[in-house]
Structures are given as C-alpha cells and as structure tokens.
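Only one structure is covered here, and it is reproduced in the block below.
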Amino acid sequence: MSKGKKDLQKKLNTLLAVWKVNQAITSTLKTSRVLSQTMDAVTDVMKADAVTIRLLSRDKKRLVLKAGKGIVKEHRLGKRSIRADDGVAGETLSKNRPTISGNILKDKRYTYFPWLKREKLRSLLCVPLTFKDRRIGVLSIYNKKPSFYKKEDRETVTMFANQATIALENARLFEELHKNYLSTIKTLAAIIDLKDKYTRGHSEKVSYYSLLMAKELGLSQRRQELIQYAAFLHDIGKVGINLAILQKPGPLNAREWVVIHQHPLNGSAVIKQLGFLRELVPIILHHHERYDGKGYPAKKKNNEIPLGARILAVADAFDAMTSTRAYRPALSKKKAIEELERNKGTQFDPLVVDAFLSAIAKKRK
Ligand SMILES: [Fe+2]
C-alpha cells in the first residue's frame with residue numbers, strides 16, 4: 001500500500017474510533033464507563049502500551065489518577081496523585097497544550113513514578129483535558145518504543161481528549177443534578193413527616209422497604225429509583241389534612257374518611273406540577289389501591305395497578321403496622337408479616353409480598 005493510501009486508512013480508522021467513542025459516550029452518563037471507553041479507543045488507535053487519565057482535585061493542587069490501562073501494577077495507580085505542577089502532566093496542564101517526551105527515562109521533567117519507568121515505557125504523549133477554558137485534567141498515552149509519538153499524533157489524541165472532557169462534564173453535571181433532585185425529594189419528605197409526630201421517619205422507612213422489593217424483583221436501576229422517590233413522597237397529599245383527623249385516637253367517621261381518601265389525588269396533583277417528578281404521579285395516585293379492586297381512588301385491581309404502587313402498598317402497610325399510631329400500639333414484625341401473608345391476593349399482590357418476605361429474610365441472615 002502506498003504511503004498516501006496508508007495515511008488515508010489511518011485517518012479513517014481514527015475517525016471511526018472517535019465516532020465509536022462518541023456513540024458510546026452519548027449512551028452512558030457514568031464517569032467510570034466514559035473513562036474506560038475512551039481509554040480503550042485511544043489504546044487501539046494510538047497503539048498505546050499504557051494510558052492514564054488524571055483529573056484535577058477540587059483545590060486544583062493535585063492531579064488525581066482516575067483511570068489507568070495497560071500498566072501491570074494498575075492497582076497501585078488508584079492511590080496515586082501528583083502535584084498539579086509536577087512533571088510532564090504538570091507542564092501540559094500549565095501550558096494547556098500537548099507535550100511529547102521521546103524517552104521518559106532521559107526526560108528531566110519526568111520526576112514521578114520511578115516504578116512506572118520500570119514498566120519499560122519510553123514514549124509519552126500528554127494532552128490537556130479542557131472544558132470551556134477550564135482545565136480539568138490530562139490524558140497521557142505511553143509506548144514502550146522511544147520517540148514513538150510524533151507531532152501529528154497530538155491532534156488525534158486531542159480529539160479523544162475533547163470527547164472525554166465533554167462526556168466527563170456531562171457525567172459530572174448529571175451526577176450533580178441527581179444529588180440535587182434527591183435532596184429536594186428528601187426535603188419534601190421531611191416536610192410531610194414533620195406534620196405528624198406518629199409518622200415521623202415513615203417516608204424514609206417506606207422508601208427503604210420499597211427499594212428492597214424493587215431490587216428483589218429485579219427491576220431496572222431507573223425503576224428502582226422512581227419507586228424509591230415515590231415512596232418518599234407518597235403521602236404528600238396529607239399535608240393539607242387537619243391534624244385532628246390525622247391523629248384522631250378513635251375510629252374515623254364517614255366525612256373524615258372522605259378527607260383521608262383524597263390524599264392520593266391531592267398528592268399526585270401536587271407532584272404533577274413539578275415537571276421533573278411527573279413520572280411518580282401514577283405510583284403516588286394508586287398507592288392505596290387493593291389487589292382485589294376494593295381500594296381507592298380508582299378501584300383498580302391486579303396488574304391494572306402500577307407495579308410501583310403495588311410495591312409501595314406493601315411497604316406502607318408493613319411500616320404502618322410496625323409503628324405506634326395514635327389509635328393503637330405497634331405490632332411486632334412477626335405479627336405484621338403474618339398480616340401480609342393473610343392479605344396476599346386480597347389487599348396485596350402475592351408476588352410483591354413474596355419478594356418482600358424473601359428480601360427481609362436475606363437481610364436477617
Ligand atoms: Fe397514603
């Protein structure tokens with residue numbers, strides 16, 4: 001093959017690898033996967049014997065190793081961080097441009113990791129990871145042959161570095177958003193619990209039991225999260241109910257029941273207003289339906305009731321039974337389990353009850 005053809009083939013291969021990374025990156029928001037996919041692609045295209053990705057610490061003083069590939073003593077890498085102005089990586093970061101070392105054994109800038117030199121790595125090409133003028137880290141590729149990387153390779157590795165940066169930023173923003181989302185939900189749940197001294201901590205416990213069941217039933221991560229959030233907020237509709245009714249020591253009269261029966265409707269109406277929580281609406285709306293169709297508000301039965309709501313019903317009942325209420329003392333867990341068993345197929349979905357019982361049995365082991 002002529003040199004021109006070879007060059008063209010190489011460029012095509014590079015573009016294909018960049019495109020593949022791009023596809024992979026846009027399909028995941030998990031930082032660890034973004035890092036490993038970038039490293040795989042760059043190793044392939046650049047024939048690297050080792051690749052490392054370091055990110056700046058919060059105080060910007062250290063470059064912390066986030067991922068490494070192709071190094072025998074990889075497990076030691078995880079603990080390593082270097083000064084942000086140290087070595088070739090430091091120079092790359094401070095000058096904000098790619099740096100090449102033809103032989104790290106002879107390079108005075110290469111001051112760190114004496115044991116990495118023992119890995120017989122010689123050539124190094126290090127490029128900055130920069131997001132909108134903000135430096136976030138460096139990507140380094142190594143080869144065992146000296147002077148392996150040339151000036152023209154800087155462009156290719158920079159392409160991977162740019163993709164990795166965008167993906168890392170997306171992942172970071174997504175993780176941040178997720179944290180904010182969860183803390184908003186927990187704040188709302190705390191407001192619900194504050195209202196009634198008897199149900200304090202109820203949202204937290206219902207959420208815990210619901211998640212146990214969702215996991216036991218093998219639901220996806222996303223559905224597990226939705227059910228967990230809905231569990232935190234299931235009784236938000238009770239915020240508007242008079243305490244005299246909520247904490248009434250005796251049985252409720254017909255008018256009071258009407259008020260209580262409104263809370264799934266009121267709660268789901270509130271949640272509907274919050275666009276980012278809209279997916280929780282059906283779970284909250286139907287958490288008091290019964291498997292036999294005798295619940296409220298829609299008298300749905302069996303699989304017409306969303307699975308999340310069937311799960312929530314079991315968690316809600318179990319925590320309610322095992323907690324003290326204004327009108328009765330707490331049941332023991334053993335008694336509460338007997339009640340769940342007794343109401344399998346009438347009040348509760350039998351499969352969900354079984355999942356709950358096997359999940360808590362595992363917890364006890
Ligand atoms: Fe409720």
Side-chain angles (χ1 to χ4, degrees), residues 185-214 226-249 251-274 277 279-301 304-328 330-331 336 339-340 343 346-349 352-353 356:
I185 287 174
K186 286 194 171 166
T187 310
L188 286 171
I191 294 170
I192 306 167
D193 286 357
L194 263 183
K195 167 125 194 191
D196 184 350
K197 66 176 187 223
Y198 285 107
T199 57
R200 203 152 296 164
H202 175 63
S203 310
E204 192 92 33
K205 281 185 276 172
V206 173
S207 180
Y208 170 75
Y209 293 135
S210 300
L211 186 61
L212 278 186
M213 280 178 264
L226 284 179
I227 290 168
Q228 196 189 1
Y229 296 162
F232 266 120
L233 299 175
H234 68 284
D235 273 347
I236 196 166
K238 281 191 180 166
V239 169
I241 299 178
N242 197 322
L243 269 187
I245 300 180
L246 280 183
Q247 296 185 356
K248 188 172 174 182
L252 301 178
N253 63 35
R255 189 189 54 82
E256 288 161 344
W257 271 121
V258 171
V259 175
I260 289 282
H261 283 175
Q262 283 295 316
H263 84 271
L265 278 164
N266 292 345
S268 53
V270 170
I271 296 300
K272 214 181 264 176
Q273 304 298 313
L274 305 167
L277 294 177
E279 283 173 280
L280 311 183
V281 168
I283 309 180
I284 291 175
L285 180 61
H286 298 297
H287 78 273
H288 282 290
E289 304 287 358
R290 289 171 51 114
Y291 198 66
D292 57 11
K294 293 180 183 162
Y296 63 90
K299 293 199 173 3
K300 281 183 184 287
K301 59 181 171 189
E304 291 167 12
I305 309 165
L307 178 58
R310 280 178 268 149
I311 289 176
L312 199 48
V314 173
D316 192 17
F318 185 75
D319 186 59
M321 285 190 284
T322 52
S323 309
T324 303
R325 287 287 182 268
Y327 43 88
R328 56 144 182 81
L331 285 186
E339 276 300 298
L340 292 181
N343 290 290
T346 50
Q347 187 173 355
F348 307 116
D349 179 345
V352 173
V353 172
F356 180 65

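Read the numbers this way: they start at 1 and go in the same order the structure lists the ligands and their atoms. What you see below is based on every heavy atom in this structure, not just the backbone, and it leaves out hydrogens, waters and symmetry mates. Remember, it's a predicted structure, so these values are computed and weren't measured experimentally.
Counting only distance, with no hydrogens or angles, the side chain of S207 and the backbone of S203 share no donor-acceptor pair below 3.5 Å. Within the 3.5 Å criterion, the main-chain N or O of E256 finds a donor-acceptor partner in the side chain of N253.
Closest to the Fe ion (ligand 1) among the N, O or S atoms of D235 is OD1. Its N, O or S atom nearest to the Fe ion (ligand 1) is what matters here, and for H287 that atom is NE2.
For the Fe ion (ligand 1), the N/O/S atoms of D316 include none lying under 2.8 Å. Distances from the Fe ion (ligand 1) show that H288 has an N/O/S atom below 2.8 Å.
Between H261 and H288, the distance separating the two ring centers is not shorter than 6.0 angstrom.
A search for salt bridge (charged side-chain N to carboxylate O under 4.0 Å, His left out) contacts involving K205 returns D319, not counting sequence neighbours.
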